[in-house]
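This report refers to the structure that appears directly beneath it.
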Amino acid sequence: MTSTIPYNDAQTVTLAIIAVVLPFAAFVVNFLMLGKSKASGWVSTLAIVASTVLAANVFFKVWGSHTIHLQQVWFTIGATKVQAGILLNNLSVMLLLLVPVIALPVHIYSTAYMKDDEGYSRYFRYLSLFCFSMLALVVVDNLIMLYAFWELVGFSSYLLIGFWFIRDSAVIANKKAFIINRIGDIGLLSAIIILFTQFGTFDLEALFGPKGLVALSNITNGQWVSTVGSIPAIWQYLAFGGIFLAVAAKSAQFPLHTWLPDAMEGPTSVSALIHAATMVAAGVFLLGRVYPMFNDAELTALAIVGCFTAFMAATIALTQNDLKRILAYSTISQLGFMVMAMGVGAYSSSLFHLATHAFFKCLLFLVAGIVIHQMKHIKDDNNLDIDPQNILHMGGLRKKLPLTFIAALIGGLALVGFPLTSGYLSKDGILIQAFDWSDNRAGILKLIPYVALFTSWLTAFYVARLIVKVFFGEFRLQKMNPDIQIHMGDGGWQYKLPLMFLALCCLFPLFSYSPVFYEDAWLYKGFLQANFFARENLYHVLIPVTVVILSVVVMYSAYVVYAKRNSWSFPQTGFLYRLSYHEWYIDKFYNRVIVRFILWLSHALYWLDKNVIDRFVNELEQVGRNIAGLAAWCDKYIVDGFLHLVANIVAAIGNFARRFQSGKIQYYLFSMLLVLIAVFIFKLIWT
């Protein structure tokens, strides 16, 4: 925590800074020099390549070894010195590497996916700014800079979600994302202010380090007591509430999750990045950064909200027909698992799942992009009036898009948590530790792991439904329109290479030599200081076996229902179906209750402003004008009139006196004689 560190560490910090700044440099070059040139895509891609190489170098120097913290005085207010610098530990270097590793295949993919778009260069400018924002967010060492880049991540996502701003739906979607995230940002800002008031510093390591001020504080007799002072305990809960709002908004947790499905209005490649390692990952990263401040009650609240969010989003994904919307709700559900894991003390597993989820969710979105791109070509070539994202128009595409199908299958199995995939290791870790946690809980809290377990089976069903409807059976669009011309393929190397890379990263060898035990994963071990559950009870055998067996049964059921169509089927009516299809009516509730109330309140305040406040101000203005008019009349006719009268009198006297100054001697002598006679007569009369 000093301004000087060993030479090797200083080199590592330099490499980290360059890795962060390179995407911003690409943004500046594209903005100032390249204009609408197609070279902008490769400038941004090369910047991400370099960032990936440098981030990997930093990762291998820091991971599992020691923390590097370099800071300098940023500014001083009174006696308070605010430091700014770089904090590199296991958490920050993991994200520092994960972001460019995920962004690189997205950039390569985008050079082909966006090549015919008029906003090609603008797209890559925004993408570079987005990557810079997220990279800076994960390495800064104080709350002020974290908040600044937190806002910049939100702004960058706003630009990308509304990239096609000529579409009303895109404009509405990015406004919705922006507004909901502002709610979370207010919470984060409030928490930062409370933390500074209590501890007198913005330094993340000083606050949340192993022996930080937060860890040494406690709540006693209604006071939040720290080594530097104390404040009422309510402020600790308010700080937690602010952080929860920030996490709920950024990582799409109930009740602030509704912006994420609508964010699909941006390009699919943008969705891949937002859902994998940038925007939504920021909330879970924040939890990891400030984790020591949460007490048991607050962690339990996180577990409940995360579990409910995972379950709710999974039930909604069951009935959606928009390909990207299904994946969006899948992301919300998986983020719920991560937040729940934080709540039950499975800190390592939460961050482990954050990393594994980044690869298979990015892969699934890039798969979706290829499918939608091909469907759009068919729509345009045949002048059809269809939604290219609707899975009801698809089917049988595994024969036409073989590589895309294999990639989708691997990504889907990883999402389900199937053996030999990375998702199996990370999700099983969360479920097992949730059951371990519930052993010491009472009442409804014991249901949390069971709800999570049931949610994992729902995940298996909606993933199987998606893959079956898209890739199996007959091509329904062709069946409805036999004469349409179809030209489909997996695309060139810019499509294939990212898919193959991400598909390989979805398999277990990237994270562990063991395909069975999550405890053997190197990434899991990197965070063991936060928690540790030994493999000592039945859960560690029973849970994985149960999950896998029932997941296979559920997936086969989905195959029977949606591919063979020769067996029982699910009813497309009823309350539960409508609840799922209409997304639990949460958006409708917001629109009909919250939005209407705000609009009613706005109209009421407008009426009050116009008819009360403005009328009072106008009346006051009229009184003021009348007083001013009276004052003007008094000034003109009384004050000025008196002055003019005095001036006229003086002028008259002067004119009269001037007559005595004629310049004639005889007139002067005559005047003197008259004065003497007048004085003589006056004297005679007076005496």
Side-chain angles (χ1 to χ4, degrees), residues 1-5 9 13 66-92 137-151 184-247 283 285-302 342-343 345 347 527 529-531:
M1 295 178 61
T2 63
S3 58
T4 58
I5 58 175
D9 289 350
V13 169
H66 64 294
T67 296
I68 300 176
H69 190 186
L70 176 64
Q71 60 180 189
Q72 297 290 341
V73 175
W74 185 13
F75 60 85
T76 302
I77 299 178
T80 303
K81 292 183 178 180
V82 178
Q83 306 277 348
I86 301 295
L87 175 61
L88 300 176
N89 57 14
N90 281 4
L91 178 59
S92 56
L137 174 69
V138 302
V139 299
V140 294
D141 76 329
N142 72 80
L143 289 170
I144 294 179
M145 294 179 70
L146 183 143
Y147 184 76
F149 288 111
W150 181 273
E151 289 288 333
D185 295 345
I186 292 171
L188 179 58
L189 182 60
S190 301
I192 290 172
I193 294 171
I194 293 170
L195 288 169
F196 179 76
T197 302
Q198 170 68 331
F199 300 106
T201 181
F202 296 105
D203 191 319
L204 286 168
E205 188 175 32
L207 287 170
F208 306 109
K211 297 181 180 180
L213 295 170
V214 171
L216 297 176
S217 67
N218 59 80
I219 295 178
T220 306
N221 298 324
Q223 290 291 115
W224 187 15
V225 181
S226 72
T227 56
V228 295
S230 66
I231 57 177
I234 185 64
W235 292 106
Q236 198 275 344
Y237 297 110
L238 290 175
F240 164 75
I243 290 172
F244 171 76
L245 281 178
V247 172
F285 167 79
L286 178 63
L287 283 180
R289 269 286 191 237
V290 304
Y291 194 72
M293 79 168 287
F294 303 138
N295 58 38
D296 188 66
E298 292 163 349
L299 290 173
T300 301
L302 287 177
M342 287 286 184
Y347 182 89
F527 298 106
Q529 66 273 16
N531 72 309

*Supply the atom-to-atom distance F244 CZ to L286 CG, rounded to the nearest 0.5 angstrom.*
12.5 Å

*Qualifying salt bridge (Lys or Arg N to Asp or Glu O under 4.0 Å) pairs, either residue in residues 77-87, two or more places apart*: none

*asked:* How close do A215 and P210 get, counting heavy atoms only, and between which atoms?
replied: CB-O, 4.1 Å

*Is the backbone of Q83 close enough, under 3.5 Å, to the side chain of N142 for a donor and an acceptor to pair up by distance?*
yes

*side-chain hydrogen bond (donor to acceptor under 3.5 Å, both in side chains) pairs, two or more places apart, involving residues 232-242*: Q236-E298

*Hey, mind stepping through L287 and L302 against side-chain contact (heavy atoms from CB on, under 4.5 Å) and telling me if it holds?*
CA-CA 10 Å; L287 283 180; L302 287 177; 4.1 Å; yes

*asked:* As an exercise, state the distance from CG of L213 to CE of M293, rounded to the nearest 0.5 Å.
replied: 12.5 Å

*Would you please indicate if the ring centroids of F294 and F240 are separated by under 6.0 Å?*
yes

*Who pairs with T201 by side-chain hydrogen bond (donor to acceptor under 3.5 Å, both in side chains), at least two apart in sequence or on another chain?*
none

*Got a donor-acceptor contact below 3.5 angstrom from the S226 side chain to the F199 backbone?*
no

*Hey, does the side chain of R289 reach the backbone of S92 with a donor-acceptor pair shorter than 3.5 angstrom?*
no

*Identify which one of L87, I86, N89, L146 satisfies the side-chain contact (heavy atoms from CB on, under 4.5 Å) criterion when paired with V139.*
I86

*Check whether any side-chain N or O of Y147 sits under 3.5 Å from a backbone N or O of L189 as a donor-acceptor pair, and report yes or no.*
no

*Can you tell if the side chain of V13 reaches within under 4.5 Å of the side chain of I68, non-hydrogen atoms only?*
yes

*Can you name the closest pair of heavy atoms from I144 and F75 and give their distance?*
CD1-CZ, 4.1 Å

_Measuring only between side-chain heavy atoms, which start at C-beta, is L91 closer than 4.5 Å to Y291?_
no

*Have a look at T197 and tell me which of L195, I193, I194 forms a side-chain contact (heavy atoms from CB on, under 4.5 Å) with it.*
I193

*Where do W224 and S217 come nearest, in terms of heavy atoms and distance?*
NE1-OG, 3.3 Å

*From W150 atom CH2 to L137 atom CG, the distance as rounded to the nearest 0.5 Å*: 7.0 Å

*Got a sec, which residues hit side-chain hydrogen bond (donor to acceptor under 3.5 Å, both in side chains) with D9, two or more places apart in sequence or on another chain?*
H66

*Atom CG in L207, atom CD1 in I192: separation rounded to 0.5 Å?*
10.5 Å

*Give, for atom CG of D141 and atom NE2 of H69, the distance between the pair rounded to the nearest 0.5 Å.*
3.5 Å

*Do V82 and F196 touch side chain to side chain, with heavy atoms closer than 4.5 Å?*
no

_Set of side-chain hydrogen bond (donor to acceptor under 3.5 Å, both in side chains) partners for N221, sequence neighbours left out_ = none

_T76: partners by side-chain hydrogen bond (donor to acceptor under 3.5 Å, both in side chains), with sequence neighbours left out_ = none

_Using 0.5 Å steps for rounding, measure from the CG atom of N218 to the OG atom of S230._
10.0 Å

*Q71 side chain vs A84 backbone, donor-acceptor pair below 3.5 Å*: no

